[in-house]
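Input: a single structure, listed below in structure tokens.
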Number of protein chains: 2
Amino acid sequence: MRAMAEQTSKHTHVLIIEDQHLMRLALIHELQAALPASIVHGAANITIALDLLETHQFDLVVIDPGLPGYDPKSQDDRFDVVQVVIELSPDAIHFVVTGSDTDEEWEHCQKLGVVGYLAKNNIRPGALVDVLQEVAERGHSVRLSNETTAPPEFYHSGLTPREQEILGWMRQRPSGISRKEIYEQLGDRFDIDAASAEKYYKRARAKLLKTGLLPKGL
Amino acid sequence: MRAMAEQTSKHTHVLIIEDQHLMRLALIHELQAALPASIVHGAANITIALDLLETHQFDLVVIDPGLPGYDPKSQDDRFDVVQVVIELSPDAIHFVVTGSDTDEEWEHCQKLGVVGYLAKNNIRPGALVDVLQEVAERGHSVRLSNETTAPPEFYHSGLTPREQEILGWMRQRPSGISRKEIYEQLGDRFDIDAASAEKYYKRARAKLLKTGLLPKGL
DNA sequence: AAAAATAGGGACAACCCTGTCCCTATTTTG
DNA sequence: CAAAATAGGGACAGGGTTGTCCCTATTTTT
């Protein structure tokens with residue numbers, strides 16, 4: 001009865017269980033970007049999560065087992081959360097997202113029915129698209145902790161998102177690659193004209209110059 | 001020499017040291033919202049952080065001591081990170097952000113010179129404004145882990161940010177409070193007309209109805 | 001020296017979001 | 001019953017972002 005409205009919908013229903021507010025919102029944002037026609041619910045603790053699981057039907061549930069009220073050092077407690085959630089949403093696929101990942105935990109989670117196991121420090125913006133695709137192809141996707149060699153980031157309040165984005169890519173330009181080539185790559189990646197990418201970069205550069213700030217690599 | 005360009009600027013220079021990409025980006029976003037004229041740098045690991053600290057002067061440094069390469073269970077390792085960063089930016093104020101906070105850690109950090117100690121599950125969007133203000137007034141600000149009674153969240157891809165926001169508030173309406181009163185509160189809070197808030201709510205509602213989805217509380 | 005790349009702009013249309021104002025039924029409350 | 005609250009709209013201006021196209025100097029590469 002209550003589920004009728006949900007099931008007639010063509011949207012993907014997602015539930016994010018994560019106690020860190022900013023992380024939960026970021027994951028919600030990532031999921032919405034990865035699944036254009038989606039409805040994403042967020043739960044900050046297990047009580048809310050269980051309530052939502054009883055009243056809604058989900059296609060994808062993302063779980064951070066490190067919730068308050070459970071001993072973060074107790075593996076049993078962590079698995080309990082995962083197990084309960086899976087039992088309440090048997091038709092969904094389940095991801096685990098954690099700040100302290102281990103190989104053993106992934107193996108145990110997999111036995112419980114988890115198909116995605118992601119370390120928080122290995123989730124970059126846009127990465128969930130790849131994860132979802134890998135799950136669709138291989139049945140599961142694992143991204144353990146990984147000390148990345150990410151370049152330093154630079155955010156100026158006067159720049160638009162596009163300008164930030166283009167600038168970020170341009171700052172990673174390897175030596176030997178001309179800017180023009182980057183413009184073409186960016187144009188390809190964002191499905192815009194290379195000339196537009198060039199324009200954004202130049203405008204971003206102009207703004208930074210006006211305020212007297214330019215990162216080293218121009 | 002190299003610091004000249006930075007110091008002549010009227011912007012607030014911020015550095016975020018945090019290995020979880022989504023969390024780092026969220027913190028960057030929060031800081032930019034809290035400090036309108038700011039330049040925010042992000043570092044995903046201690047190497048990048050040290051590099052930035054040597055080449056830039058910062059007014060505020062936010063540190064997550066749980067970086068890869070350090071033993072997360074070792075208190076000494078966590079303090080080492082904080083101490084090194086503070087020594088390299090003696091003129092800045094320092095915040096520690098952590099997923100596993102303890103009272104003792106805060107006390108130790110305070111001795112090292114930290115003035116803000118924040119549990120990740122107690123940082124909500126917009127909270128940094130209050131934290132910064134409290135630091136300015138009292139000299140420090142502490143927000144330990146806190147199991148909040150946050151309401152469930154609901155995000156629909158077709159809604160604009162404003163609509164999401166207004167809808168979120170409306171869903172928390174206590175019984176006995178009329179919608180009209182909420183409109184007025186929202187108008188006051190966002191500095192818009194109550195009628196506009198009403199308009200956003202109605203439009204959000206209409207969108208959800210069209211797709212056949214409405215959370216329980218309308 | 002010639003060609004390519006780069007810096008630094010301007011103009012413009014399209015689009016979305018925001019915010020305000022206004023309208024009419026219907027339902028709920030006092 | 002009368003008044004207030006609510007549902008469900010339309011119109012419109014202003015602002016910012018996006019994306020495209022076009023322009024001229026200057027610098028670097030070949």
Side-chain angles (χ1 to χ4, degrees), chain A residues 5 29 32-33 36-37 155-218, chain B residues 5 29 32-33 36-37 155-218:
Chain A
H29 190 258
Q32 287 205 331
Y155 291 85
H156 186 103
S157 48
L159 303 182
T160 71
R162 254 293 187 269
E163 287 163 359
Q164 286 284 5
E165 204 162 20
I166 300 280
L167 199 64
W169 284 93
M170 186 56 79
R171 294 182 74 225
Q172 295 178 53
R173 175 172 65 112
S175 61
I177 305 291
S178 70
R179 297 193 188 282
K180 198 172 190 179
E181 289 176 84
I182 302 286
Y183 295 145
E184 277 156 25
Q185 285 179 31
L186 292 174
D188 193 57
R189 164 171 287 264
F190 297 123
D191 197 34
I192 61 176
D193 221 72
S196 297
E198 186 179 355
K199 175 70 186 170
Y200 295 137
Y201 169 72
K202 288 181 177 177
R203 207 164 56 193
R205 197 178 190 280
K207 285 183 184 178
L208 293 181
L209 269 179
K210 217 185 307 181
T211 58
L213 289 146
L214 257 195
K216 311 173 209 175
L218 283 203
Chain B
H29 191 258
Q32 287 204 331
Y155 290 85
H156 185 103
S157 47
L159 302 181
T160 70
R162 256 290 187 271
E163 288 163 359
Q164 285 284 5
E165 201 162 22
I166 301 280
L167 200 65
W169 284 92
M170 186 57 78
R171 293 183 74 226
Q172 295 178 53
R173 176 172 65 112
S175 61
I177 305 292
S178 70
R179 298 193 189 282
K180 197 170 190 181
E181 289 175 85
I182 302 285
Y183 296 146
E184 277 156 24
Q185 284 179 31
L186 292 174
D188 193 57
R189 165 172 287 264
F190 297 124
D191 197 35
I192 61 175
D193 222 72
S196 297
E198 187 178 354
K199 176 69 186 169
Y200 295 139
Y201 170 71
K202 288 181 176 176
R203 208 165 56 194
R205 198 178 189 280
K207 286 184 185 177
L208 293 182
L209 268 180
K210 218 185 308 183
T211 56
L213 288 147
L214 258 193
K216 311 174 212 175
L218 287 199

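This one's a predicted model, so the numbers in the text were calculated from it and none came from an experiment. Residue numbers start from 1 in every chain, and the chains themselves are labelled A, B, ... in the order their sequence lines are given, proteins ahead of strands. Below, each value reflects all heavy atoms present in this structure, side chains not excepted, and no hydrogens, waters or symmetry copies.
Contacts classified as side-chain hydrogen bond (donor to acceptor under 3.5 Å, both in side chains) and involving residues 180-189 of chain B (residues at least two apart or in different chains) are given here: S178(B)-E181(B).
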Reading 5' to 3' through nucleotides 8-24 of chain C, protein heavy-atom contacts under 4.0 Å coded B for base, S for sugar-phosphate only, - for none: BBB------SBBBS---

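For I177(B) and dT6(D), the CD1 to P distance is 11 Å, given to the nearest whole Å. Here the P atom of nucleotide dA5(D) and the CD1 atom of I182(B) are 13 Å apart, to the nearest Å. As rounded to whole Å, 18 Å separates atom P of dA4(C) from atom OH of Y183(A). One atom, NZ of K210(B), and another, P of dA7(D), lie 17 Å apart when rounded to the nearest Å. At whole-Å resolution of the value, NZ in K180(A) and P in dT29(D) are 15 Å apart. A straight line from CZ of R179(A) to P of dT27(D) spans 15 Å, rounded to a whole angstrom.
Under the 4.5 Å side-chain criterion, counting only non-hydrogen atoms from C-beta, F190(A) is in contact with W169(A).
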Derivation of the side chain to side chain contact (heavy atoms under 4.5 Å, CB included) call for I166(A) and R203(A): CA-CA 11 Å; I166(A) 300 280; R203(A) 207 164 56 193; over 6 Å; no

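E165(B) pairs by the salt bridge (Lys or Arg N to Asp or Glu O under 4.0 Å) definition with R162(B), not counting sequence neighbours.
Taken from CZ in R171(A) to OH in Y201(A), the straight-line distance is 10.5 Å, to the nearest 0.5 Å. Between atom CD of residue E163(A) and atom CZ of residue R205(A) there is a gap of 14.0 Å, rounded to the nearest 0.5 Å.
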